[in-house]
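I have placed the structure first, in the form of structure tokens, so that the comments after it can refer back to it.
Starting from 1, each residue takes its place in the sequence as its number.
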Amino acid sequence: MHVVMPNAPVEGKIASTVSCMRGKSASFVRHVEIDVSGTPLEGLFRAGQSFGVIPDGVDAHGKPHKVRLYSIASPSWGEDGLGRIIATTPKRLLAEREPQTAKDDELDHSLFVGVCSNWLCDRRAGDPIKVSGPNGKRFVLPADPDAHDYLFLATGTGVAPFRGFLMELLEGPPATSPAAKNWRQCTSRIELVMGVAYTNDLLYDGWIRDLAKKHANFTYHTAVSREARSDGGKGEYVHQFLERKIHESGSMLPLLRNDRTLIYICGLAGMQIGVFHMLSRHGVTGFTKVADELASVHCAEWTTEQIKRRVRPTHRCMLEVY
Ligand code: NAP
């Protein structure tokens, strides 16, 4: 971690940039590849970590922009097999201003354009980019991937690290990569639940579907929140999808009750609350630790605030939410 500090970033180069959405949507998400060859970052990152981007220009106070962290969407050997190219999945932040504090102008609803996400999405192949990192030590795959089964839970761009994980577990490095010598395809059970607002917002969807067709041990699910389901049911969040599967299919609960299983949650801050609550309601243990003062209250009565403060992930649950 922290091989390159944000106050002394190194210069990479945009290798490629493409949209990675399934269809036309109100959102814009890109798959951006960055060439870090010749920098200390080359070969020194792992799938699941993040890295820093320092956009050009200055902020409203005339100071250079601060670093922003983006999840690495590549396997540990990079996009090229040699650790020279890392990918990430930025979404353009476009929003209307809303007053946050009493000091803010309550009539201001003008467009707010996120500084770094839009700068990064605007870059063209060949453009220079200042980067730092890598960051993060917990949201990584275990040393022996075959010793575990996996439930990956993503909302939106939170799917980024799972792209890298799936490549690492199932696809393997190119034959020319030094990593190819010791790589073994993972035969464990792997399930990914991808939560998005609309079907067109699904990211890397074609690639993930193809992967699921190729690997019988990998299942891809989608939880679409603002569209009716094909069975006529209402749209749902990731945890509501899991709960429905617990009721409908005989296979979700065994995965959750299996000591081998690891849960990885990545995406919107707060998505873990629904997941933790649902696990507790179904008596699933091992992924969360409930503080003593809450343990005496029946889980059906827990409030969102209590879950946020008093329910923590264990070593079998990896959480990256912002
Ligand atoms: P988004 O499009 O705003 O939301 C994706 C889906 O999540 C939508 O269906 C949304 O439903 C649903 N959702 C909203 N609240 C939820 C909740 N409490 N529980 C479960 N699902 C919920 O997502 P996005 O704009 O791509 O944002 C992704 C987030 O992931 C960002 O905040 C980003 O910073 C974070 N992220 C974190 C990492 C990391 O930690 N390393 C990496 C990548 C992304 P509705 O909109 O219909 O309510």
Are the side chain of H277 and the backbone N or O of C299 linked by a donor-acceptor pair below 3.5 Å?
yes

What closest approach, in Å, do S27 and D201 show between heavy atoms, and which atom pair accounts for it?
OG-OD1, 4.0 Å

With the threshold set at 4.0 Å, does a side-chain nitrogen-carboxylate oxygen contact exist between R260 and D149?
yes

Checking side-chain contact (heavy atoms from CB on, under 4.5 Å) for the pair R46/M1: CA distance, chi angles, key distance, verdict?
CA-CA 10 Å; R46 285 184 63 182; M1 288 195 301; over 6 Å; no

Is there a side-chain contact between E171 and L166 (heavy atoms, below 4.5 Å)?
no

Using side-chain heavy atoms (C-beta onward) and a distance below 4.5 Å, is L120 in contact with V32?
yes

Is the side chain of H298 donor-acceptor paired with the backbone N or O of A300 at a distance under 3.5 Å, no angle test?
yes

Any carboxylate oxygen within less than 4.0 angstrom of a Lys/Arg side-chain nitrogen, looking at D210 and K214?
no

So that I can tick it off, tell me whether R84 and D35 are bridged by a salt bridge, with the cut-off set at under 4.0 angstrom between side-chain N and carboxylate O.
no

Looking at OG1 of T222 and CD of E236, how far apart are the two atoms once the value is rounded to the nearest 0.5 Å?
8.5 Å

Between V131 and V4, is any pair of side-chain heavy atoms under 4.5 Å apart?
no

Please answer: with hydrophobic residues joined when any side-chain heavy atoms are less than 4.5 Å apart, are I263 and F165 in the same cluster?
no

For the residue pair S76 and E168, confirm or rule out a side-chain donor-acceptor distance under 3.5 Å.
yes

Would one find more than 12 heavy atoms of other residues, nucleotides or ligands at under 6.0 Å from atom CZ of R138?
yes

Straight-line distance of E42 CD to S37 OG, nearest 0.5 Å
5.5 Å

Do Y237 and M271 come within less than 4.5 Å of each other through their side chains, counting heavy atoms only?
no

For the pair F139 and F162, name the ring-plane relationship: parallel under 30°, tilted 30 to 60°, perpendicular over 60°.
tilted

Does a salt bridge link D122 with R92, judged by any charged N lying under 4.0 Å from a carboxylate O?
yes

W302 side chain to V297 backbone, donor-acceptor under 3.5 Å:
yes

Do we see a donor-acceptor contact under 3.5 Å between the side chains of H282 and E243?
yes

Side-chain touch V284/I246, heavy atoms, less than 4.5 angstrom:
no

Determine whether more than 12 heavy atoms belonging to other residues, nucleotides or ligands lie under 6.0 Å from atom CD of E98.
no

I'd like to know if the side chain of S280 and the backbone of F276 have a donor-acceptor N/O pair within less than 3.5 Å.
yes

Could you walk me through whether R209 and Y220 pass the side-chain contact (heavy atoms from CB on, under 4.5 Å) test, one step at a time?
CA-CA 7 Å; R209 275 177 210 281; Y220 173 45; 3.8 Å; yes

Heavy atoms of S188 and H148 approach each other most closely as OG-O, 2.7 Å

Would you say that L202 contacts M194 through its side chain, given a criterion of any heavy-atom pair below 4.5 Å between the two side chains?
yes

Is any side-chain N of the basic residue among E191 and R189 closer than 4.0 Å to the acidic one's carboxylate O?
yes

Please report the interatomic distance OH(Y198) to CD(E227), rounded to the nearest 0.5 Å.
7.5 Å

Roughly how far, to the nearest 0.5 Å, is CZ of R309 from OG1 of T304?
12.0 Å

Please lay out, stage by stage, how R22 and D205 fare under the test salt bridge (Lys or Arg N to Asp or Glu O under 4.0 Å).
CA-CA 6 Å; R22 177 164 141 149; D205 184 60; 2.8 Å; yes

Do L69 and I72 land in one hydrophobic cluster if side-chain heavy atoms of ILVMFWY residues count as linked below 4.5 Å?
no

For the CD atom on E106, are there more than 12 heavy atoms of other groups (residues, nucleotides or ligands in this structure) within a distance under 6.0 Å?
no

Does the salt bridge (Lys or Arg N to Asp or Glu O under 4.0 Å) test come out yes or no for D104 and R97, once each step is laid out?
CA-CA 10 Å; D104 295 341; R97 281 193 173 76; over 6 Å; no

Spell out, as yes or no, whether a donor-acceptor pair under 3.5 Å connects the side chain of T314 to the backbone of G286.
yes

Do you know the tightest heavy-atom contact between P178 and L82?
CD-CD2, 3.7 Å

When rounded to the nearest 0.5 angstrom, what distance separates CG in L170 from CG in N217?
5.5 Å

May I have the step-by-step check of side-chain contact (heavy atoms from CB on, under 4.5 Å) for I85 and V36, ending in yes or no?
CA-CA 6 Å; I85 297 186; V36 294; over 6 Å; no

Quick check: does any side chain N or O of N258 sit under 3.5 Å from a backbone N or O of P254, one acting as donor and the other as acceptor?
no

For the pair F51 and Y70, name the ring-plane relationship: parallel under 30°, tilted 30 to 60°, perpendicular over 60°.
tilted

Salt bridge (Lys or Arg N to Asp or Glu O under 4.0 Å) for R310 and E293? Distances and angles first, verdict last.
CA-CA 8 Å; R310 309 264 179 255; E293 57 266 46; 3.3 Å; yes

Do any N or O atoms from the side chain of H65 and from the backbone of V58 form a donor-acceptor pair under 3.5 angstrom?
yes

Would V159 end up clustered with Y150 when hydrophobic side chains under 4.5 Å apart are linked, directly or stepwise?
yes

Partner of L242 by side-chain contact (heavy atoms from CB on, under 4.5 Å), out of L279, L253, L151, L256:
L151

Between S16 and A125, what is the shortest heavy-atom contact and its length?
CA-CB, 4.5 Å

Assess the residue pair L192 and H221 against the criterion (side-chain contact (heavy atoms from CB on, under 4.5 Å)); give the C-alpha distance rounded to whole Å, side-chain angles, the decisive distance to 0.1 Å, and a yes or no.
CA-CA 6 Å; L192 165 66; H221 311 277; over 6 Å; no

State whether D59 and K66 are salt-bridged, where the test is any N-O pair (Lys NZ or Arg NE/NH1/NH2 against Asp/Glu carboxylate O) under 4.0 Å.
no

Can you confirm whether S71 sits close enough to E320 that some side-chain heavy atom of one is under 4.5 Å from a side-chain heavy atom of the other?
no

Cluster question for you: counting only ILVMFWY and a side-chain heavy-atom cut-off of under 4.5 Å, with indirect links fine, are V53 and F45 together?
yes

Single-linkage hydrophobic cluster, 4.5 Å side-chain cutoff, L211 and V193 together
no

Between T155 and L268, the two heavy atoms sitting closest are OG1-N, 2.8 Å

Tell me the closest heavy-atom pair linking R123 and T17, and the distance in Å.
O-CG2, 3.5 Å

Is there a donor-acceptor pair under 3.5 Å between the side chain of W207 and the backbone N or O of R163?
no

Is there a donor-acceptor contact under 3.5 Å linking the side chains of Y204 and T89?
yes

Answer yes or no: are there more than 12 heavy-atom neighbours, outside H247 itself, under 6.0 Å from its atom NE2?
yes

I265 side, atom CD1; L153 side, atom CG - distance, nearest 0.5 Å:
5.5 Å

Any donor-acceptor pair under 3.5 Å linking the side chain of D105 with the backbone of P99?
no

Keeping S132 on the side-chain end and P9 on the backbone end, is there a donor-acceptor pair under 3.5 Å?
no

Can you find a pair of side-chain heavy atoms, one from W119 and one from P90, that are under 4.5 Å apart?
no

